[in-house]
Amino acid sequence: MTHRGTIAVLGAGAIGVSVALYLQRDGRDVVLIDQDEPGSGCSYGNAGLIQCASVVPVATPGIVGAVPRMLLDKNQPLHIRWRHLGSLAPYLLRFLREAQPARVEANARALSSLVPRAYEDYRPLIEAAGIQSMVRPSGELHVFETDAAFEKAKAANFAIRRAHGVRVDELDADAVRQMEPGLARSVRHGLFLPDCYQTVNPQRFVAALARNFIDNGGRFIKAKVTDIALRPGGPVAITTEGGEIIAEMVVLAFGAFSKPWARKLGIAVQLDSERGYHVMLPEPGVALNRTVVSGEYKFALSPIDGKVRIVGSSELARVGAPPNYERAMRLLPLARHLLPGLNEAGHSLWMGHRPSTPDSLPLLGPVPANPNIIFAFGHNHSGLTLGGTTGKLIADLLAKRIQPSDLSPFSPTRFARAA
């Protein structure tokens, strides 16, 4: 049981922890609830980037022609499991609609209103926690082995970035190797995004922010939520395996696991799990200075705690479907090709659930029928990136420092309206 005025934040990933911290900075009484330790979900296994250049939605015009390959070829960077096609059909149909040029432009414009400010919104939280050493300006390096892939990228995704104010530097082969000497001699071109920041380890980064929340008097309850019920007059009852909590407001930040809770609260959302895989190499034998992305094969190599993490293989399937670790293993030969001498001994595999929406935009803000319910989920590939920004937006919204209309592209009811 809690006191009147309490805000319960459900989910202790990068989003939930950042929301809790920003609300706490406003003097709010906040309780953070998750069945796992902070940063243990999807925040655990990503490339560790605060990716201030990530303004390109996943659904773009070129994706439409690639859908048959996603269904038929398991080696595609994004694969769709046939057996889950029926349940994924509404999501996929909306996804294809979002690939129309006008929708791509609108979605990129919405992303560009959030993403470029991501590090600056994290900065107060980082400084308050005293963890400046856990984040460094690194940039993100995309490399290309063929002229065709380089020119295609410039004309497509990187053109969208430039159109929305993202800095992009073109590099020749010598400049690429000065930045990353260990890369294969086959690399001919590079596109560098200087406004990105690398965390030493995304899970440790989120956990350090959560410790600061607790050290400042915040409460973290490690328990599974089993029910959420609206009480007469406005309070919300959250039932956990450890007991009941009464809160004035609830912020739903369960990532890919938010959909059934949103439905229970009366809102239909189009949210599915884009399952991401990684391979962790504990003794890679090759050093990386920053995250490197293969332009041809759409995977990334990231330096995490002095190790190398290979990320980038994804699939669409229902939440709860068993992992297919072949998706991760396909990355190893590609990584060895791009980074010769890479040692894969002792590697480990991981799978996590990215909370993906068809338009690549998160769901942010209050539920119109009940303003005591706040949505903060659906961040797609940008959960770590947009933690600080989401936290600040939700705190500003509740303090009436911004108007709900400012968040209209991210409306929690936009999919219900379109149905």
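Every value quoted in this text rests on a predicted model; they were computed, and no experiment measured them.
Minimum heavy-atom separation, V55 to L111: O-CD1, 3.6 Å. Closest approach of W350 to G276, counting heavy atoms only: CZ3-O, 3.7 Å. Of all heavy-atom pairs spanning H353 and A256, the tightest one is CB-CB, 3.7 Å. When all heavy atoms of A376 and I15 are compared, the closest pair comes out as O-CG2, 3.4 Å. Between S133 and V200, the shortest heavy-atom contact is O-CG1, 3.9 Å. Closest heavy-atom contact between P412 and I267: O-CG2, 3.4 Å.
For the pairing with V250, the side chain to side chain contact (heavy atoms under 4.5 Å, CB included) check across I238, N370, N372 returns one residue only, I238. Between H142 and the choices Y297, F158, F192, the ring pair (Phe, Tyr, Trp, His ring centres under 6.0 Å) rule is met once, by F158.
Between F377 and F375, the ring-plane angle classifies as tilted under the 30° and 60° cut-offs.
A donor-acceptor pair is defined here as one N or O able to donate and one able to accept, closer than 3.5 Å; such a pair exists between the side chain of S113 and the backbone of A110. E180 places no side-chain N or O within donor-acceptor distance of the main-chain N or O of V292, the cut-off being under 3.5 Å. Not a single donor-acceptor pair under 3.5 Å links the side chain of R117 to the backbone N or O of T389. Between the side chain of N216 and the backbone N or O of N212, at least one donor-acceptor pair lies under 3.5 Å. The backbone N or O of R28 sits nowhere less than 3.5 Å from a side-chain atom of D26 that would complete a donor-acceptor pair. In terms of modelled atom types and a separation under 3.5 Å, the side chain of T385 and the main chain of Q51 share a donor-acceptor contact. Side-chain atoms of N380 come within 3.5 Å of backbone N or O of G378 as a donor-acceptor pair. A side-chain donor-acceptor contact under 3.5 Å links S360 to the backbone of V58. Judged purely by atom type and a 3.5 angstrom limit, K400 has no side-chain atom pairing as donor or acceptor with the backbone of L397. Remark: the backbone N or O of D396 is not paired with any side-chain donor or acceptor of Y22 at under 3.5 angstrom.
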Working note: L334 + S294, criterion side-chain contact (heavy atoms from CB on, under 4.5 Å); need CA distance, chi angles, decisive distance, verdict. CA-CA 9 Å; L334 298 174; S294 166; over 6 Å; no
Full working for salt bridge (Lys or Arg N to Asp or Glu O under 4.0 Å) between R330 and E326: CA-CA 6 Å; R330 66 172 284 276; E326 290 181 9; over 6 Å; no
Residues R290, E140; criterion side-chain contact (heavy atoms from CB on, under 4.5 Å); working and verdict: CA-CA 7 Å; R290 60 188 51 78; E140 180 183 49; over 6 Å; no
Go through it in stages, so that I can follow the logic: the residues are L338 and V187, the test is side-chain contact (heavy atoms from CB on, under 4.5 Å), and I'd like the CA-CA distance, side-chain angles, deciding distance and then a yes or no. CA-CA 8 Å; L338 191 60; V187 172; 3.9 Å; yes
Going through the distances and angles, do H347 and M329 end up as a side-chain contact (heavy atoms from CB on, under 4.5 Å)? CA-CA 10 Å; H347 69 263; M329 293 301 293; 3.8 Å; yes
Stepwise salt bridge (Lys or Arg N to Asp or Glu O under 4.0 Å) test for R188 and E296: CA-CA 12 Å; R188 303 182 62 176; E296 276 78 13; over 6 Å; no
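Expressed to the nearest 0.5 Å, how far CE of M351 lies from CG of L349 amounts to 11.5 Å. Here the straight-line distance linking atom CG of L49 with atom OG of S54 works out to 9.5 Å at 0.5 Å rounding. We find the NE2-CG distance between H379 and L363 to be 9.0 Å, quoted to the nearest 0.5 Å. How far CZ of R309 is from CG of L288: 13.0 Å, rounded to the nearest 0.5 Å. A distance of 4.5 Å separates OG of S356 from OH of Y91, quoted to the nearest 0.5 Å. Between the CD atom of Q100 and the CD atom of E105 there is a distance of 14.0 Å, given to the nearest 0.5 Å.
By the 4.5 Å heavy-atom criterion applied to side chains, D29 and R219 are counted as neighbours. Taking 4.5 Å as the limit, some side-chain heavy atom of L114 sits within range of a side-chain heavy atom of L364. Side-chain atoms of W261 and L10, non-hydrogen and from C-beta on, never get closer than 4.5 Å to each other. Looking only at side-chain heavy atoms (C-beta outward), M179 and L171 come within less than 4.5 Å of each other. Under the 4.5 Å side-chain criterion, counting only non-hydrogen atoms from C-beta, L281 is not in contact with K307. Residues L265 and L230 have side chains in contact (heavy-atom distance under 4.5 Å, counting atoms from C-beta outward). Residues D121 and T390 form no side-chain contact, since every pair of their non-hydrogen atoms from C-beta on lies 4.5 Å or further apart. Taking 4.5 Å as the limit, some side-chain heavy atom of F415 sits within range of a side-chain heavy atom of P358.
Annotation: F410, atom CZ; neighbour count of heavy atoms from other residues, nucleotides and ligands within 6.0 Å is above 12. A 6.0 Å sphere centred on CD of E283 holds no more than 12 heavy atoms belonging to other residues, nucleotides or ligands. Counting heavy atoms of neighbouring residues, nucleotides and ligands inside a 6.0 Å radius, atom NZ of K154 exceeds 12 of them.
Sequence neighbours left out, the pairs with a member in residues 195-206 that pass side chain to side chain donor-acceptor pair (under 3.5 Å) are R167-D195, Q198-T291, N201-D305, R204-D305.
Ion pairing between R25 and E127 fails under the 4.0 Å rule for side-chain N and carboxylate O. The pair E98-R94 meets the salt-bridge criterion, with a side-chain N (NZ, NE, NH1 or NH2) lying under 4.0 Å from an Asp/Glu carboxylate O.
If you check the side chains of H189 and E151, you find no donor sitting under 3.5 Å from an acceptor. A donor-acceptor contact under 3.5 angstrom links the side chains of S186 and E145, judged on distance only.
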